[in-house]
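Lettering of chains follows the sequences in order, A, B, ..., and the numbering in each one begins at 1.
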Amino acid sequence: MVAVLELKNVHVSYNGKSALQGVNFSVEAGNVLGIIGPNGAGKSTLLKALLKLVAIDQGKIEIFGKSLEENREKIAYVPQRSEFDWDFPIHVLDTVLMGTYPKLGVFKRPKKKDREFAYDCLEKVGMEHFHNRQIGELSGGQQQRVFLARALAQNADLFILDEPFVGIDMVSEETIVKLLKDLRDEGKTVVVVHHDLSKATEYFDELLLLNNQVIHTGKPKEVMRPEIMLKAYEKELSFLHEAGVN
Amino acid sequence: MAFIEGLIEYDFLQKALLTSIMVGIVCGVIGCFIILRGMALMGDAISHAVLPGVAISYAVGINFFFGAVFTGVLTAIGIGFVSQHSRIKQDTSIGIMFTAAFALGVILITVLESSTDLYHILFGNVLAVRPSDVWITLAIGLIVLVSVYVFYKELLVTSFDPTMAEVYGLPVRLIHYFLMTLLTMVTVASLQTVGIVLVVAMLITPAATAYLLTDRLSVMIFLSAAIGASAAVIGLYFSFTYNLASGATIVLAATAIFFAAFLLSPKQGILWKKINARKNRNELMGKNI
């Protein structure tokens, strides 16, 4: 079986500073993978490298056994919420409708059936009643659900989400987690950058612990062991030593 | 009314009105994308950067359209090149490149001693529009409107979420330069009407007004075009009736419409915001008593 995502010895640097060193890992279809690690560990950089938004210095990345260019239609990416201009004059349904653009191609406009499909996707995240609201009028969690609906409208096989649970309410978080698990059960693959360790074992099938290099990968229970976590979070915890706690 | 009589009587006034309305519409349409992409300064830059092109075109004896588009697009590329290949930020890069192009234009016009009147290029003179200029404006207007209609989807997604656009394979940078080309063409079309210095107002003000009035891009585009066209008609009326510079009256008409929206817009207007805030306060006070 071909891995959905395979990274071989991937190196990335920003302005001469190394961000990722020799990253190796692969994900099989039908998994929810969580990428965890401290701030500055290169989690978002890893996603950007996957999507060729940043160049890699060395190594190889394969998606469904091929290059990204051959598989663009199979990927849906949900950027961090902070990347958007929430004052943009766009309604919720039109935002979701954008998910149908990649398969429409240039020159074609979304038709009625595309709008209906976008509406169905909104229903899946429980946001259909907000379809004609301007996106800035929603709460953080509602916004995140709308962007997940847009990803659903892309009808992708691989979903990549950057910090989807930051600053959102519990209802939205539960809705999103449930949907991601449904997608997995349909045989899709989900990759999530995440930084709240408390829920990591519940949310993910596989974990990738990152700190500029791969510290550990595997089932959450294997990865979330104190001696392994300490390796990645050493710096974050150094204040304990300074405070004389051992 | 003297203006209506003048319209019937004078051919030059008909031409002026037609070009002004067209300029109002296309500036309004392109302006929406300019302000949503945070490129107001870029609009100002490109409009100034057409000057050397206009000077060279007059000297060589070709239509100024070609030279203007050439130096406009070249400056846009130069701005992108400097900001991408150094730590210089985009707005700084814009400041460097467009003033350079503009300065070069001023010198070229002086040296080449061309018959172009610098004052008319800078501030426009819509009442002196020639038939060929009307055709150029109409042609540019048509190209711009058709382009925006055909590539609406792509312009929307690259303005709202360039990352998604790039991930699904859109040539984001090419679309940026395409928009810069349209922007340059719009500037050229506006030369006669409002001139280089004030064209940025026609790009920004109607679009910003529309932005205060709606939450949908498609509606915003139509509103902006309508506001641009209205400003053109109102401005031209005052220009003709009171013998004032047409570019300036058109721009001030647009500004007046903007402030009306700024005060009275149902959702964004500061007047309603104040009234609602007071209403809320009174309600809270009422509850407390």
Side-chain angles (χ1 to χ4, degrees), chain A residues 15 44 47-48 50-54 63 67-81 83-95 97-110 114 132-137 147 150-151 153-156 158-160 162, chain B residues 29 31-40 84-87 146-175 178 206-224 261 265-268:
Chain A
N15 302 324
S44 289
L47 291 195
K48 292 198 168 103
L50 290 177
L51 300 166
K52 289 203 176 167
L53 297 170
V54 297
I63 297 173
S67 71
L68 171 74
E69 284 77 8
E70 291 167 272
N71 282 304
R72 286 194 190 276
E73 279 194 6
K74 293 185 187 162
I75 302 168
Y77 173 55
V78 181
Q80 281 186 35
R81 219 153 41 78
E83 284 188 25
F84 292 101
D85 167 14
W86 295 104
D87 289 326
F88 199 94
I90 189 165
H91 280 185
V92 166
L93 186 66
D94 290 328
T95 308
L97 194 62
M98 240 178 242
T100 65
Y101 288 5
K103 289 203 166 68
L104 280 174
V106 194
F107 301 121
K108 271 196 203 146
R109 295 175 167 259
D114 298 305
N132 58 4
R133 293 282 196 92
Q134 193 267 338
I135 45 159
E137 295 170 12
F147 278 84
R150 185 181 74 168
Q154 283 183 260
N155 233 334
L158 170 61
F159 292 80
I160 300 179
D162 197 352
Chain B
V29 170
C32 289
F33 294 102
I34 301 298
I35 71 161
L36 290 176
R37 287 167 171 249
M39 295 197 323
Q84 275 153 25
H85 292 89
S86 71
R87 63 193 293 184
V146 168
S147 302
V148 170
Y149 179 78
V150 171
F151 297 111
Y152 177 75
K153 206 159 94 274
E154 286 68 28
L155 287 169
L156 167 62
V157 68
T158 52
S159 301
F160 177 61
D161 189 355
T163 314
M164 177 200 178
E166 202 172 336
V167 170
Y168 88 74
L170 282 186
V172 175
R173 200 173 289 175
L174 186 72
I175 292 172
F178 174 67
T209 312
Y211 181 64
L212 292 179
L213 296 173
T214 176
D215 283 334
R216 294 190 78 172
L217 178 60
S218 48
V219 180
M220 178 178 163
I221 291 173
F222 280 105
L223 271 178
S224 178
S265 155
K267 226 169 172 179
Q268 308 289 338

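Taking the six-membered ring for Trp and the full ring otherwise, the centers of F160(B) and F84(A) sit less than 6.0 Å from each other.
For S218(B), no part lies near chain A; criterion is any non-hydrogen pair under 4.5 Å. Contact of F107(A) with chain B is made through backbone and side chain together, with heavy-atom distances under 4.5 Å. Interface residue E154(B): only side-chain heavy atoms are found under 4.5 Å from chain A. When heavy atoms are compared at a cutoff of 4.5 Å, L68(A) does not approach chain B at all. Contacts between E69(A) and chain B at a heavy-atom distance below 4.5 Å are absent for every atom of the residue. Both the backbone and the side chain of D87(A) come within contact range of chain B, with heavy atoms under 4.5 Å apart. Residue contact with chain B, scored on non-hydrogen atoms closer than 4.5 Å, involves the side chain of E137(A) exclusively. Using a 4.5 Å cut-off between heavy atoms, K48(A) does not touch chain B at all. Of the two parts of P79(A), only the side chain, counted from C-beta on, holds a non-hydrogen atom closer than 4.5 Å to a non-hydrogen atom of chain B. For a residue to count as touching a neighbouring chain, one of its non-hydrogen atoms must lie under 4.5 Å from one of that chain's; by this rule F151(B) touches chain A with the side chain only.
With a 4.5 Å cut-off on side-chain heavy atoms, Y101(A) and L156(B) count as touching. For the pair Y149(B)/R109(A), a side-chain contact is recorded, criterion being any heavy-atom separation below 4.5 Å from C-beta on.
Between R133(A) and D215(B) there is no salt bridge, since none of the side-chain N atoms of the basic residue sits less than 4.0 Å from a carboxylate O of the acidic one.
Of the listed residues (T214(B), L217(B), V167(B)), the one with the most heavy-atom contacts under 4.5 Å to chain A is V167(B). For the set D161(B), V157(B), V150(B), V219(B), the entry with the most heavy-atom pairs within less than 4.5 Å of chain A is D161(B).
Between the R216(B) side chain and the P89(A) main chain, no donor and acceptor come within less than 3.5 Å of each other. At least one donor-acceptor pair under 3.5 Å links the side chain of K153(B) to the backbone N or O of K108(A).
Heavy-atom minimum distance, M164(B) versus G99(A): CE-CA, 4.1 Å.
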